[in-house]
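The structure appears right after this line, and notes come after that.
Proteins get letters first, then strands, A, B, ... in listed order; numbering begins at 1 in each. Every value quoted in this text rests on a predicted model; they were computed, and no experiment measured them.
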Amino acid sequence: MPPPPPPPSRLFALLSSRRPPPLRLLLQIHAHLLAAGLLSSSDNFPSRLAAAYALSSPATSDAAYALALLAPLPTSAYNAAIRALSLSDEFGGGGGVVRRCLQLYRALIRSGSASARPDHLTFPFLLKACARLHGGKGGGYGGEAVLGHVLQLGFDSDVFVVNAATNYLAVCGSMGDARRLFDESPVRDLVSWNTLIGGYVRRGNPQEAMDLFWRMVAEEEDAAVRPDEVTMIGVVSGCGQLRDLELGRRLHGFVESNGVRCTVRMMNVLMDMYVKCGSLEMAKSVFERIEHRTVVSWTTMIVGYAKFGLMDDARRMFDEMPERDVFPWNALMTGYVQCKQCKEALVLFHEMQEANVKPDEITMVNLLTACSQLGALEMGMWVHRYIEKHRLVLSVALGTSLVDMYAKCGNIEKAIHVFKEIPEKNALTWTAMICGLANHGHANEAIEHFRKMIELGQQPDEITFIGVLSACCHAGLVEEGREFFSLMDSKYQLERKMKHYSCMIDLLGRAGHLDEAEQLVNTMPMEPDAVVWGAIFFACRMQGNISLGEKAAMKLVEIDPSDSGIYVLLANMYAEANMRKKADKVRAMMRHLGVEKVPGCSCIELNGVVHEFIVKDKSHTDTDAIYNCLHEITLQIRHTADLLNISATGVV
DNA sequence: GTAGGGTTAG
C-alpha cells in the first residue's frame, strides 16, 4: 500500500514557505493536487504552485517546462509567479529572474484562453521586475515591449499600471519619457507625484524634483494630493544634493508643521541632508531625537563626523552602535582614508576581519586608496590577490583603484597590465592611467592614452588635464602643453584651476619661456599660490633672472613666512650669481628671524610594515645600512649628472 | 498591488 497523500494544509504550507521546495518535490506536490482536484481556478493552489515553480529552479528551461504542465493557468497564477520573482532576492545574479518573468508573461499571452490574459495586476509586477534588474547590473531589457502592450490593451488609464510604467522609465529609460507619461496621463495620484520626484532625485536632477514639489504643494487643494513622508524623503534627499541648508531647514519645517510622519527613514534622510549641507549640529540634534535608531542612523552620523575630520567622534559612534553591517565599517574606513589616516584604515580592516565581517567592493577600494597614499605596494598586492581569490568582479571602480595603487606605489608595468584587463573603462580609469604614466615620466604614452581616450568618446575632466599637462611638463613638450591648456577651455569648457596654471607655468619656465610664464602669472584669474611662485623662482634661478626671482621669493615668504626653504634657495641664487653680499644678508635675516626648517617626513613600506622617517632620522634599527645605501645612491646620481653634464643640486 | 533613505575610484 502506498502511503496516503499528505493533507491539503500540509501541501499548502510546503508551497508557502519562503524557500520553495526543490523541483522534484514540487512535481510530487503537483501530482497530489491534481489527484485531489485542487487545481481549479477558484482555489489558491494554482497561484501558490506557479509561484513555487517560478522560484524553484535557476535553470529557466526546467521552470518553464514545469509551468507548462500547469496550463491552462488562470491569470492570478501567472501574476503570483511574476510577483514572487519580482520580490525574490536573487536579483544580484543578473538577468535570469527578469528573463523568467518575461517568459511567464509571454506564456500568459500565448495561452490565448479567455480566462488568461494580462490584467491590471500583471503589469505592475512585471514592470517592477524589469526596473529592479536595471537598478542592479546588466542593463534593462524587455520593458519597452511591455510598455507597448500596456497601451495596446488600454491599461494607460489604470493609475497603478501608469505609476509602475513611470517608475520603469525613470529607472531604465529617460526622465523625459517618464515626465511625458506623467504629464499626459489622465490619471494621477500621490504615488505618481512621488515616483516622478524620486526619479529626478535618483537621476541627479534635484532642482526639477524641487520644482515639481512646489507645484504639488500649490495644486494640493484641487488635486487632493498632500505630500507624505515618501514625498518628503525624496525632496529632502534632493536638497542634500543641492547643498542648500536654508532650503533644508524650510523642508524640515514643512515636515514638522504638516503632520508628515517622522519615521526613522524620514529622520535618517534629514540627518543626511544636514550633513551634506554642512550642519553637523542639526544632524546631531535629529539623531538624538530618533527613538529607534537603525544602522543607517548611526552610519550617517559616522559619515558626518568623518566629513568634518572628527575621526575620534566617528570612532566613538562606531563603538557605541549596537549592531553593524558592512556599511558602518566602510563609512569609518572611508573617513580614515579621506583624513589621510591611512594606517588607521588598515588597522580597522584587520579588526573587520577579526569581527568576521565580509568586506565588499567599497572596502577594497578604500584599502587600495590607503595603500596608494602610504606607498604600501605589498599590502596593495595582497588586496589584489584577495580580489582574485574571492572572485570579486573587477568593476570600473575597483579596477581604477588598482591602476592608481600600482602607479602610485611605483609599479607602472603592473598598472598598465591591470588597466588593459578592465573590461569597461570610464573617464576616471583613463585619468588614473594617464596620471600614472605622467608621474612615471612616460610622457608620450600619457599623451597617447589621452588621445585614445578622446577617440573613444570619453570626457576628460580637470584631473585628466593635470595628467597630460604634467606629462608635458616632465618631457618639456611646450607645444603640446600649450595645445592642451587651450583645449581645456575652448573645447571642453573646463575651469582651469591653480594646479593647471602651475603646471603650465612650470613647463614654460623650464623651457626658457620665462616671459610667457610671467605673463600667465599676471593674467591668471586667481591669486598665484606657492607652487606657481616656486616654479617661477626655479626658472629664474636656472636662467639667472635675478629681479623676477627676487619678486617670486618675496611672494613665497609672504605666503608662508615660516618656510625656511625659500631663504636657503634665495641665498643660493645670489651666491650662484656671485652676489655674495646679498646672499650673506639673507642668511643673517634667517638667523635674526629664527626661522627653522620644518622636518619633512616620508614613509616606505617593507614586508607589509610601514616605516616613517623624518630628516636626519637615526631612530631606525637599521639606520647604518640605510645611510650607507643613501650615500651610494647620492654618489651614483652625482656621477650620472656629471656624465650628462647637468646639475645635481637640489636632487639630493 | 504601485513610489522612498545611508557607505562608493582619479
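Comparing dG5(B), dT2(B), dG1(B) by their closest approach to the side chain of V269(A) singles out dG5(B). For N163(A), the listed nucleotide lying nearest its side chain is dT2(B); candidates were dA9(B), dG1(B), dT2(B). Each of dG1(B), dG5(B), dT2(B) was ranked by its minimum atom distance to the side chain of R265(A); first place goes to dG5(B). You'll find that the side chain of N268(A) is closest to dG5(B), out of dT8(B), dG5(B), dA3(B). Each of dG5(B), dA9(B), dT2(B) was ranked by its minimum atom distance to the side chain of F160(A); first place goes to dT2(B). Picking from dG5(B), dT8(B), dA9(B) the nucleotide with the shortest atom distance to the side chain of R202(A) gives dG5(B).
Taking the six-membered ring for Trp and the full ring otherwise, W298(A) and F318(A) have centroids separated by 6.0 Å or more.
Between R451(A) and E448(A) there is no salt bridge, since no side-chain N of the basic residue sits under 4.0 Å from a carboxylate O of the acidic one. Contact check on D211(A) versus R215(A) returns no salt bridge, with no Lys/Arg side-chain nitrogen under 4.0 Å from an Asp/Glu carboxylate oxygen. Taking the charged nitrogens against the carboxylate oxygens, R179(A) and E208(A) do have a contact shorter than 4.0 Å, which makes a salt bridge. We find that R324(A) and E351(A) are not joined by a salt bridge, their nearest charged nitrogen and carboxylate oxygen being 4.0 Å or further apart. The pair R316(A)-D312(A) fails the salt-bridge criterion, with no side-chain N (NZ, NE, NH1 or NH2) lying under 4.0 Å from an Asp/Glu carboxylate O.
To the nearest angstrom, P of dT8(B) lies 7 Å from CD1 of I362(A). Straight-line distance from the CD atom of Q241(A) to the P atom of dG5(B): 10 Å, rounded to whole Å. dG1(B) atom P lies 18 Å from atom CG of L190(A), rounded to whole Å. Atom NE2 of H384(A) and atom P of dA9(B) are 19 Å apart (whole Å). To the nearest angstrom, C1' of dG1(B) lies 20 Å from OH of Y168(A). Protein atom OH of Y274(A) is 19 Å distant from nucleotide atom P of dG5(B), rounded to whole Å. Separating the OH atom of Y200(A) from the C1' atom of dA3(B) is a distance of 15 Å, rounded to the nearest angstrom. Taking atom CD1 of residue I302(A) and atom C1' of nucleotide dG5(B), one finds them 16 Å apart after rounding to whole Å.
In this model, a side-chain donor or acceptor of N426(A) finds a partner on the base of dA9(B) within 3.5 Å.
Between Y274(A) and H252(A), the ring planes are tilted. Angles from 30° to 60° get that label.
Residue K425(A) is out of contact with every strand shown, counting any heavy-atom pair closer than 4.0 Å. V365(A) comes within 4.0 angstrom of sugar-phosphate atoms only, judged by non-hydrogen atoms across all strands, and of no base. Nucleic acid contact class of T195(A) (heavy atoms, under 4.0 Å, all strands): sugar-phosphate only. Nucleic acid contact class of D404(A) (heavy atoms, under 4.0 Å, all strands): sugar-phosphate only. No contact: A331(A) has no heavy atom under 4.0 Å from any strand. Nucleic acid contact class of V396(A) (heavy atoms, under 4.0 Å, all strands): base.
Of all heavy-atom pairs between V326(A) and T363(A), the closest is CG2-OG1, 4.1 Å.
Here K128(A) reaches the OP1 or OP2 of dT2(B): one of its side-chain N or O atoms lies under 4.0 Å away.
Contacts of residues 290-301 of chain A with DNA chain B (heavy atom under 4.0 Å): T294(A), V295(A), V296(A), T299(A). A heavy atom closer than 4.0 Å to some atom of DNA chain B occurs in D228(A), E229(A), V230(A), I233(A), these being the qualifying members of residues 228-238 of chain A.
None of Y336(A), W382(A), W329(A) except one satisfies the ring-ring contact (aromatic ring centres under 6.0 Å, His included) rule with F349(A); the exception is W382(A).
When the shell of 6.0 Å around NZ of K307(A) is examined, it contains more than 12 heavy atoms from other residues, nucleotides or ligands.
Every side chain to side chain donor-acceptor pair (under 3.5 Å) that D228(A) has, sequence neighbours left out, goes to N194(A), T231(A).
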